Amino acid sequence: MVQLSVIIPTLNEQETLPTVLKQLKEVLGEHDEVIIVDGGSSDDTTSIIKTLGFGFLESEKKGRAAQMDHGARQAKGEYLCFLHADTLPPVQLKEVIKTTLSDKKVVLAGFTSIMKGQTTRWFMSTLNYSKTYLLPLFYRPYSFFFKGLRLIFGDQLIFCRRADYLKSGGFDPNCLIMEEAELCLKINQLGSIKQIKEKVYSADRRVQKLGNARALYIYVTTAMGWALGVSTEKLSARYRPYR
C-alpha cells in the first residue's frame, strides 16, 4: 500500500528540479510514490526527470491547478503532498505529515516557508508566514476564528489526506491563480487548516528577477484582488508577465 504520494507540477524547471528530485530520493521510502505532471516544458525538464529515474505524466489541460489535480487523481497514497519544483522537501517530511495529520481535526497543513537564494530573504519570508493568517482574517473572519481557516500556499509544501482532498473536490482545474487558497476554502468545510513550525526552503528566483519592491506590490495586490472578488482570469492575466 502506498503511504505518501508527492505530486510535482512542472513547466520549464530544469534549473531547480534536479536538486529537488535528488532530495526526494533520500526522503521517501519504497512504499511512497512521486507523480510529476508536466505542462508542456520546452527546456530539459523532461530529460532530467528521465535521467534521474522518474516518470512523468503529461497534463492535457495546462496550468498548475490542473496539473496538480490530475496527479492527485492518479495517486494511490493515503497522504498527498503538493511540492513545487523550487522547494526543497525536508528530510523529516514523512514523519511531520503523519504526526500533523494524526490530529483528525486537521484536514490540510503546510510548512513555514523560508525564501532563500544567495541570501535568506527574511522580509519576504515573514510576509509569507503572515499572509497565512492575515488574508483569511480579512477575507473570512468567521471561518478564521471558528473553523480554523488558514490559507496555505504552494511554497509551503501543502499536504493532506487523499480522502479529504477528493471529498472537498480538490483543485479547480480552471483556476489560473490562487489555486491553493481556493482549495483551502473548500477543504476547510471538512476541518481545520494548520501552518506548522517546521521549515521548508524555496528559491527566491522570482523576487530576484523582479526586485523586492515590485514583487511585494504584485503579491499583495494579487492577494487583495482575490479577496475582493476579482476573477482569477483577470488576476492571472495581470500576473502572467511576471511569472
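All values reported here derive from a predicted model rather than from experimental measurement.
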Smallest separation among heavy atoms of [X] and [Y], with atom names:
X	Y	answer
T222	I218	OG1-O, 2.7 Å
T100	A109	CG2-CB, 3.8 Å
T232	W226	CG2-CD1, 4.5 Å
P89	L24	CG-CD2, 3.9 Å
P9	A85	O-CB, 4.4 Å
A65	C175	CB-O, 3.5 Å

Are the side chain of [X] and the backbone N or O of [Y] linked by a donor-acceptor pair below 3.5 Å?
X	Y	result
S231	K234	yes
S125	I114	no
S130	L127	no
S168	Y165	yes
S236	E233	no
E33	V6	no
K186	G170	yes
T120	K116	no

### Identified side chain to side chain donor-acceptor pair (under 3.5 Å) partner of S202 from the options T16, T87, D155
T87

Greater than 12 external heavy atoms within 6.0 Å of [X]'s [atom1]:
X	atom1	value
K167	NZ	no
E15	CD	no
K22	NZ	no

Do [X] and [Y] belong together in a cluster built from hydrophobic side chains that touch within less than 4.5 Å?
X	Y	answer
V96	V91	no
I152	Y129	no
M124	L134	no
V107	L166	yes
L93	V20	yes

Sub-4.5 Å side-chain heavy-atom contact between [X] and [Y]:
X	Y	answer
L183	D172	no
E78	L4	no
M178	F153	yes
I8	I35	no
F82	L80	yes
P90	L157	yes
F159	L101	yes

Does one side chain, of [X] or [Y], offer a donor that lies under 3.5 Å from an acceptor on the other?
X	Y	result
E13	S41	no
E198	Q92	no
T10	D38	yes

### Query
Please, which pairs that meet salt bridge (charged side-chain N to carboxylate O under 4.0 Å, His left out) have at least one residue in residues 79-102, sequence neighbours excluded?
D32-K94, D86-R205

For residues 135-151, run the donor-acceptor check on the side chains, cut-off 3.5 Å, and write out each pair with its distance to 0.1 Å, sequence neighbours left out.
unit_1: K147; atom_1: NZ; unit_2: Q189; atom_2: OE1; d: 3.0
unit_1: R150; atom_1: NH1; unit_2: F144; atom_2: O; d: 3.2

How long is the straight-line distance from [atom2] of [Y] back to [atom1] of [X], given to the nearest 0.5 Å?
X	Y	atom1	atom2	result
S113	M115	OG	CE	6.5 Å
L108	N188	CG	CG	9.5 Å
L57	H70	CG	NE2	5.0 Å
L176	R64	CG	CZ	12.0 Å
I187	E182	CD1	CD	13.5 Å
R162	I7	CZ	CD1	9.0 Å

### Query
Can you list the steps and then say if T132 with Q156 is a side chain to side chain donor-acceptor pair (under 3.5 Å)?
CA-CA 10 Å; T132 294; Q156 293 173 265; 3.2 Å; yes

### Message
Checking L28 against K25 for the side-chain contact (heavy atoms from CB on, under 4.5 Å) test, could you report, in this order, the C-alpha distance in whole Å, the side-chain angles of both residues, the deciding distance, and whether it holds?
### Response
CA-CA 6 Å; L28 300 183; K25 283 190 171 184; over 6 Å; no

#### Entry: CA sep, side-chain torsions, deciding dist, call: R121, V207, side-chain contact (heavy atoms from CB on, under 4.5 Å)
CA-CA 9 Å; R121 295 185 183 269; V207 176; 3.6 Å; yes

#### Entry: Single hit among V34, I158, I97 for side-chain contact (heavy atoms from CB on, under 4.5 Å) with C81
I97

### Message
Just to verify, which of Q67, M68, Q74 counts as forming a side-chain contact (heavy atoms from CB on, under 4.5 Å) with V37?
### Response
Q67

### Task
Kindly determine whether R161 and Y79 satisfy side-chain contact (heavy atoms from CB on, under 4.5 Å), including the steps that lead there.
CA-CA 4 Å; R161 301 177 194 88; Y79 304 112; 4.2 Å; yes

All N/O donor-acceptor pairs, side-chain side in residues 47-55, below 3.5 Å, sequence neighbours left out:
unit_1: T51; atom_1: OG1; unit_2: S47; atom_2: O; d: 2.8

#### Entry: Steps toward side-chain contact (heavy atoms from CB on, under 4.5 Å) verdict (Q195, F111)
CA-CA 6 Å; Q195 178 172 220; F111 290 76; over 6 Å; no

